Student: 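Supplied in structure tokens, the structure appears directly below.
Note that this is a predicted model, so its numbers are computed, not measured.
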Amino acid sequence: MSSNNPISNFQDVPWKQRFYRSMLGYGIHFSRRSDGTINRFIMNLFDLKAQPSKQPIDGVITSDTVVDATRNLYFRLFLPSFEQNTNMPLIVYFHGGGFAYMSANSIACDDLCRNLCKKTGAVIISVNYRLSPEHKYPSQYDDGFDVLKFIDENANTKNFPSNVNLKQCFIAGDSAGGNFAHHVTVKACEYGLRNVKLIGLIAIQPFFGGEERTESENRLVDAPVLSVKGTDWLWKTFLPEGSDRDHPACNVFGSKSVDDIRRLKFPATMVVVGGVDPLYDWQIRYYEGLKKCGKEAYLIEYPNAFHSFYGAPELKESGLLMEEVKDFIGKLIK
């Protein structure tokens, strides 16, 4: 359980990071219209982008591959530029942003995947998916799964480095991306991929919820970065019209859940939680739900971590998380 009075490590974030997060927060606030839509022009003024680079930046080379131009579906490939082995694992990554914000080329998402690539030595594919409210459920899940199928069907083309081992594939994501990671993994287990073998799922502070107000939501209603009012708004923009937060996309193991993962060959899962995250209790329930279904699951907890702490590499917890991910990968590819 998290502490009754956790002390957020947000104050330890360097001022430049805090300034960037504040500006992004202003962009999110001012871009929201009263009718539930988002002014993308305003948001894009705050959501700064990073271009792909064939020249190494911090030890990593990046490139973009288009999957479907009609829906701006593409992925950014992160490849270590340092000495590479011939058997690199693959991480298919879904960025956070509450289903409605950010993209694979947002600076924050680009920096996170670059750091993950450098620290783990894995090849990262960061998926750019459609956003709500313009595109509601299940558009994002469909985009994620279509990229996974694209990888599976184009494994031996020039789009992929020859030394990537597709039999050592991990699905990962943070916040809303952690939610996507679960649902895309379920779809992949049901579908049956030919060349890609999913061996692990990495859910970093995954965005789950429900109609019930949990203890952590009540205690951390105005937590740093993510408020309960904000999560309610995001669910409303993402879920189908007329749905409540007990929809299976939100409340995975709730009374309306339709996916029984007991019957699936679901991969080992690492669930990362922070004690100063209002979503804490829902994330713990997700971990417990996996265990009840007889699945291999590991809980990594940082008591003083706020939601999205991993975006600040200067934090001690961020470094520890990268080591945990590296160890998780190493354990499963032996």
Side-chain angles (χ1 to χ4, degrees), residues 1-4 6 92 94 96 137-138 140-141 144-145 148 169-193 197-220 228 231 235 238-239 243-303 305 307 321 324-325 327-329 331-332:
M1 293 291 292
S2 59
S3 168
N4 288 330
V92 179
F94 300 101
Y137 165 93
Q140 291 81 354
Y141 300 163
F145 184 54
L148 199 58
C169 182
F170 294 78
I171 303 293
D174 66 278
S175 192
N179 176 298
F180 298 160
H182 169 82
H183 289 288
V184 171
T185 298
V186 170
K187 289 171 72 74
C189 290
E190 292 173 335
Y191 178 80
L193 301 167
K197 181 180 180 181
L198 303 182
I199 64 172
L201 191 161
I202 303 166
I204 304 172
Q205 292 185 295
F207 193 8
F208 296 118
E211 282 296 300
E212 174 192 352
R213 282 293 183 232
T214 65
E215 189 276 334
S216 64
E217 287 176 314
N218 288 324
R219 175 168 46 85
L220 299 166
V228 174
T231 63
W235 284 122
F238 172 67
L239 294 173
S243 299
D244 62 22
R245 294 189 304 275
D246 283 331
H247 186 281
C250 178
N251 194 348
V252 174
F253 295 114
S255 60
K256 298 180 182 179
S257 177
V258 294
D259 293 322
D260 183 6
I261 67 170
R262 290 179 178 86
R263 60 185 172 81
L264 301 176
K265 192 175 181 181
F266 202 81
T269 303
M270 171 180 168
V271 183
V272 179
V273 304
V276 196
D277 183 350
L279 302 177
Y280 174 89
D281 287 338
W282 289 112
Q283 294 157 359
I284 293 295
R285 290 186 188 185
Y286 174 63
Y287 164 76
E288 292 174 344
L290 293 173
K291 298 290 283 187
K292 288 178 182 177
C293 289
K295 304 306 175 184
E296 184 180 355
Y298 304 90
L299 181 66
I300 308 298
E301 183 171 357
Y302 301 107
H307 191 79
L321 172 60
E324 290 284 2
V325 172
D327 291 345
F328 179 70
I329 292 172
K331 176 167 57 178
L332 295 180

Student: Is there side-chain contact between Y287 and E301, with at least one heavy-atom pair below 4.5 Å?
Tutor: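 Side chain of Y287 against side chain of E301, heavy atoms only: no contact under 4.5 Å found.
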Student: What is the distance from atom CG of L198 to atom CG of L148, rounded to the nearest 0.5 Å?
Tutor: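 Rounded to the nearest 0.5 Å, the CG-CG separation comes out at 5.5 Å.
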Student: Is there a side-chain contact between F94 and N179 (heavy atoms, below 4.5 Å)?
Tutor: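 F94 does not reach N179 side chain to side chain.
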Student: For Q205 and S175: C-alpha separation, side-chain torsions, deciding distance, then whether side chain to side chain contact (heavy atoms under 4.5 Å, CB included) applies.
Tutor: CA-CA 5 Å; Q205 292 185 295; S175 192; 5.7 Å; no
Student: Take H247 and W235 through the side chain to side chain contact (heavy atoms under 4.5 Å, CB included) test and state the conclusion after the steps.
Tutor: CA-CA 10 Å; H247 186 281; W235 284 122; over 6 Å; no
Student: Hey, is the main chain of P278 close enough, under 3.5 Å, to the side chain of S216 for a donor-acceptor pair?
Tutor: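 Present.
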Student: When rounded to the nearest 0.5 angstrom, what distance separates CG in L279 from OG1 in T214?
Tutor: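 So the gap between those two atoms works out to 8.0 Å.
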Student: Between H183 and A249, is there a donor-acceptor pair closer than 3.5 Å when you use the side chain of the first and the backbone of the second?
Tutor: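 Here the side-chain-to-backbone pair exists.
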Student: In Å and rounded to the nearest 0.5 Å, what is the CD to CZ distance from E190 to R263?
Tutor: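 The CZ atom of R263 is 4.5 Å from CD of E190, to the nearest 0.5 Å.
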Student: Could you tell me whether the side chain of K256 and the main chain of N251 form a donor-acceptor pair under 3.5 Å?
Tutor: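 No, because the side chain of K256 does not come within donor-acceptor range (under 3.5 Å) of the backbone of N251.
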Student: Please give me the minimum heavy-atom distance between D277 and H307, naming the atom from each residue.
Tutor: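 Answer, listing the atom of D277 first, then H307: OD2-ND1, 2.8 Å.
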Student: Say whether, by atom type as modelled, one donor and one acceptor occur between the side chain of E211 and the main chain of R245 under 3.5 angstrom.
Tutor: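 Between the backbone of R245 and the side chain of E211 there is a qualifying donor-acceptor contact (under 3.5 Å).
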Student: Indicate yes or no: at least one non-hydrogen side-chain atom of F180 is less than 4.5 angstrom from one of I171.
Tutor: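 A side-chain contact under 4.5 Å is absent here.
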Student: Over 60° means perpendicular and under 30° means parallel, so classify the ring planes of F238 and Y141, tilted if in between.
Tutor: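 Y141 vs F238 ring planes: perpendicular.
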Student: Search all heavy atoms of A268 against all heavy atoms of Y298 and return the closest pair with its distance.
Tutor: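 For A268 and Y298, the tightest heavy-atom pair comes out as CB-CE1, 4.5 Å.
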Student: Using ring centroids (six-membered ring only for Trp), state whether F207 and H182 fall under 6.0 Å.
Tutor: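 Ring-ring flag for H182/F207: false, centres at least 6.0 Å apart.
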Student: Rounded to the nearest 0.5 Å, how far apart are CG of L290 and CZ of F253?
Tutor: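 Taking CG in L290 and CZ in F253, the distance rounds to 4.5 Å.
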Student: Under 6.0 Å from the NZ atom of K197, do we count more than 12 heavy atoms belonging to anything else shown?
Tutor: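 No, the 6.0 Å shell around NZ holds no more than 12 heavy atoms from other groups.
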Student: Minimum heavy-atom separation for F266 to C189, with atom names?
Tutor: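 In terms of heavy atoms, the two residues are closest at CA-SG, 4.1 Å.
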Student: Looking at CE of M270 and CD1 of I300, how far apart are the two atoms once the value is rounded to the nearest 0.5 Å?
Tutor: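 These two atoms lie 4.5 Å from each other.
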Student: Between atom CD1 of I199 and atom CZ of F170, what is the distance when rounded to the nearest 0.5 Å?
Tutor: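 With rounding to 0.5 Å, CD1 (I199) is 3.5 Å from CZ (F170).
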Student: If you compare all heavy atoms of G200 against all heavy atoms of L332, which two are closest, and at what distance to 0.1 Å?
Tutor: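 Distance-wise, the nearest heavy atoms are CA-CD1, 4.0 Å.
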Student: So, the side chain of S257 versus the backbone of G254: is there a donor-acceptor pair under 3.5 Å, distance only?
Tutor: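 A pair under 3.5 Å: no.
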Student: To check you understand the geometry: which heavy-atom pair defines the closest contact between Y286 and T269, and what is its length?
Tutor: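 It is OH-CG2, 4.3 Å.
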Student: How close do V228 and T231 get, counting heavy atoms only, and between which atoms?
Tutor: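 Taking V228 first and T231 second, the nearest heavy atoms are O-OG1, 2.8 Å.
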Student: Tell me if a side-chain donor or acceptor on K295 pairs with a main-chain N or O of I261 at a distance below 3.5 Å.
Tutor: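 Such a contact is found between K295 side chain and I261 backbone.
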